[in-house]
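Report on the following structure.
As the structure lists them, so they are numbered: ligands from 1, and atoms in each ligand from 1.
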Amino acid sequence: MTLMMSRRAVCAGLLAAPLIRPGRAAASAPAPLTARTASVQLAPPGYGMTKVWSYDGSLPGPVLRAAQGGRLSRRLVNELAVPTSVHWHGIRIDNAMDGVAGLTQEAVPPGGSFDYDFALPDAGTYWYHAHTNSMEQVARGLSGALIVEEATPPDVDADEILMLDDWLIDPDSAQFYADFTAPMMRSHAGRMGNLIGVNGRFDHRLKAGQNARLRLRLINAANARIFVLRLQGMEGWTVALDGMPLASPEPLVEEIILAPAQRVDLIVDVTAEAGTPAGLLYAADDDSWQALVELEVSGRASGARRSAPQPLPPNPRMQIGGLEEATRREMRMEGGAMRGMASGRFEGQQMDFQELIQRGQFWALAGQVGRGADPFARYRLGETARITFVNDTVFPHAMHLHGMHFRQLSEGAAGPMRDTLLVMPQQSAEIAFVADNPGKWLLHCHMLGHAASGMTNWIEVV
Ligand SMILES: [Cu+2]
């Protein structure tokens with residue numbers, strides 16, 4: 001089922017209002033961030049409005065901006081009819097502020113509020129989203145961008161946030177398909193949308209002149225979709241992944257693969273001449289390349305391209321020492337359609353796959369189905385940890401660690417620092433991180449239907 005898309009008409013925008021927060025805690029009550037219902041024109045003109053769950057009435061929620069080294073302070077006000085909480089994805093955060101209902105805080109009941117207030121050690125592109133029944137709440141719209149600004153930002157003509165998402169909408173009613181527990185989706189690749197868009201719009205557009213230099217901050221906010229992307233009429237570099245700067249900008253020569261929850265910061269130059277096609281393309285389900293963001297090129301920003309960009313300034317604590325002495329553990333990923341598993345531990349009991357399916361569970365991480373009473377591992381504060389994900393399923397999974405960034409180890413070399421790693425079917429991937437943030441941290445698949453049906457575990461740093 002697909003929605004007919006029309007790019008002709010441009011309807012009223014739902015632009016997220018930038019919000020500048022001072023770099024220190026306010027003495028008075030923090031500014032509210034209100035979770036509430038709203039109606040937005042998500043589908044193309046001709047379709048009705050869609051009822052969404054929003055932050056502050058917009059989809060995505062407002063862009064939150066703050067300076068590196070400062071604090072973010074927001075009062076979540078819950079005007080929804082269900083409990084909720086906010087996770088600040090990728091922030092190396094105080095554990096009490098991590099927003100995981102049932103692990104780091106109690107969910108905020110309808111009519112309740114919760115004050116989030118935390119330090120921002122790292123500059124970069126982050127995002128925030130619901131972490132109570134996140135499978136449904138994120139799909140209904142509860143997410144937004146969180147930008148932590150460098151003291152000296154790179155020299156660009158424009159800094160654009162591109163929040164990629166997809167929505168599963170009934171074309172007759174323009175409302176979300178409300179079966180969020182559909183076993184077919186949970187046991188396969190997850191809830192895929194039939195409407196794809198950026199910043200809450202199916203026809204998000206940019207404008208620039210030839211030779212303009214843009215910083216593009218891509219955020220994959222989709223429940224399950226892995227975006228495969230290509231630039232058209234632009235050339236450039238990857239400068240950061242999951243918020244963390246690369247040691248040196250990497251020329252963009254291949255497709256960009258962005259798994260759910262991952263971010264990539266690009267610095268690109270517009271090479272297209274005025275009036276020629278440009279923008280960001282994505283690989284559609286039928287393998288054709290489709291426009292995701294159209295860039296309208298008019299005039300020239302300058303007579304020639306600039307020289308290659310400098311790396312972004314590094315964030316603190318990006319070194320991972322002690323790899324040889326590190327504790328090594330293996331996390332086997334099991335279950336799902338076409339493979340299944342013999343058994344797993346769910347709510348304290350060992351169950352075979354059929355029993356698990358009857359309880360709506362399809363996946364296991366290290367034999368554990370869903371978050372158990374005991375963590376996958378306990379680490380001493382400051383120790384270096386190594387975990388090998390062994391994907392024994394026929395689906396890719398985007399593994400996300402809360403509270404700390406890691407590096408992937410391959411053939412002895414440590415890759416870029418990330419918080420979410422795509423582990424392909426029948427493959428293994430080893431990560432290493434310094435357990436330098438005390439508390440209880442979720443380690444889960446960010447295909448949210450998988451997380452809700454077994455692929456959620458946790459670690460503890462003490
Ligand atoms: Cu998964």
Side-chain angles (χ1 to χ4, degrees), residues 87 89-90 100 103 127 129-131 133-139 143 164-166 168 179-193 219-228 242 257-263 285 329-341 344-346 353 356-357 359-372 376 387-402 406 408 418-431 441-459:
H87 172 56
H89 189 116
V100 180
L103 187 69
W127 65 304
H129 63 79
H131 220 304
N133 186 19
S134 52
M135 163 67 190
E136 177 174 356
Q137 296 196 2
V138 175
S143 66
L164 284 50
D165 208 341
D166 66 353
L168 186 56
D179 187 357
F180 292 92
T181 61
M184 264 302 285
M185 292 180 195
R186 290 193 162 189
S187 62
H188 289 71
R191 182 182 168 104
M192 297 290 172
I219 303 169
N220 185 351
N223 264 46
R225 182 176 297 273
I226 300 165
F227 280 94
V228 179
D242 295 349
I257 296 173
L258 205 62
Q262 290 186 325
R263 289 88 64 212
D285 295 340
R329 289 186 172 86
E330 184 180 285
M331 176 172 272
R332 188 165 291 275
M333 306 153 74
E334 292 178 284
M338 293 173 274
R339 181 57 63 109
M341 59 180 149
R345 193 165 181 79
F346 179 60
F353 196 42
L356 291 167
I357 289 170
R359 288 161 176 80
Q361 303 296 313
F362 301 97
W363 309 91
L365 293 176
Q368 176 66 38
V369 179
R371 182 160 49 80
F376 166 70
I387 299 174
T388 301
F389 300 119
V390 179
N391 186 352
D392 197 14
T393 81
V394 301
F395 295 95
H397 302 284
M399 296 300 292
H400 171 46
L401 175 63
H402 288 217
F406 52 77
Q408 184 178 0
R418 308 207 68 136
D419 59 44
T420 306
L421 181 71
L422 186 60
V423 186
M424 298 306 286
Q426 302 299 303
Q427 295 200 358
S428 296
E430 185 178 25
I431 61 165
W441 302 109
L442 227 49
L443 174 56
H444 67 101
C445 176
H446 222 286
M447 277 76 169
L448 296 175
H450 295 173
S453 60
M455 280 200 147
T456 299
N457 212 315
W458 62 292
I459 65 167

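- Ring geometry for H87 against H89 counts as perpendicular: the plane angle is over 60°, on a 0 to 90° scale with 30° as the lower cut.
- For the Cu ion (ligand 1), the tally of protein N/O/S atoms lying closer than 2.8 Å stands at 3.
- Checked for salt-bridge contact, R186 and D179 miss the test: no charged N lies under 4.0 Å from a carboxylate O.
- Residues R263 and D419 are paired through a salt bridge, judged by an N-O separation under 4.0 Å between the basic side chain and the carboxylate.
- Residues R332 and M341 have side chains not in contact (no heavy-atom distance under 4.5 Å, counting atoms from C-beta outward).
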ask   = Going through the checks in order, is the side chain to side chain contact (heavy atoms under 4.5 Å, CB included) test met by F395 and H188?
value = CA-CA 7 Å; F395 295 95; H188 289 71; 3.9 Å; yes
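- Remark: aromatic rings of H450 and H444 are distant, center separation not under 6.0 Å.
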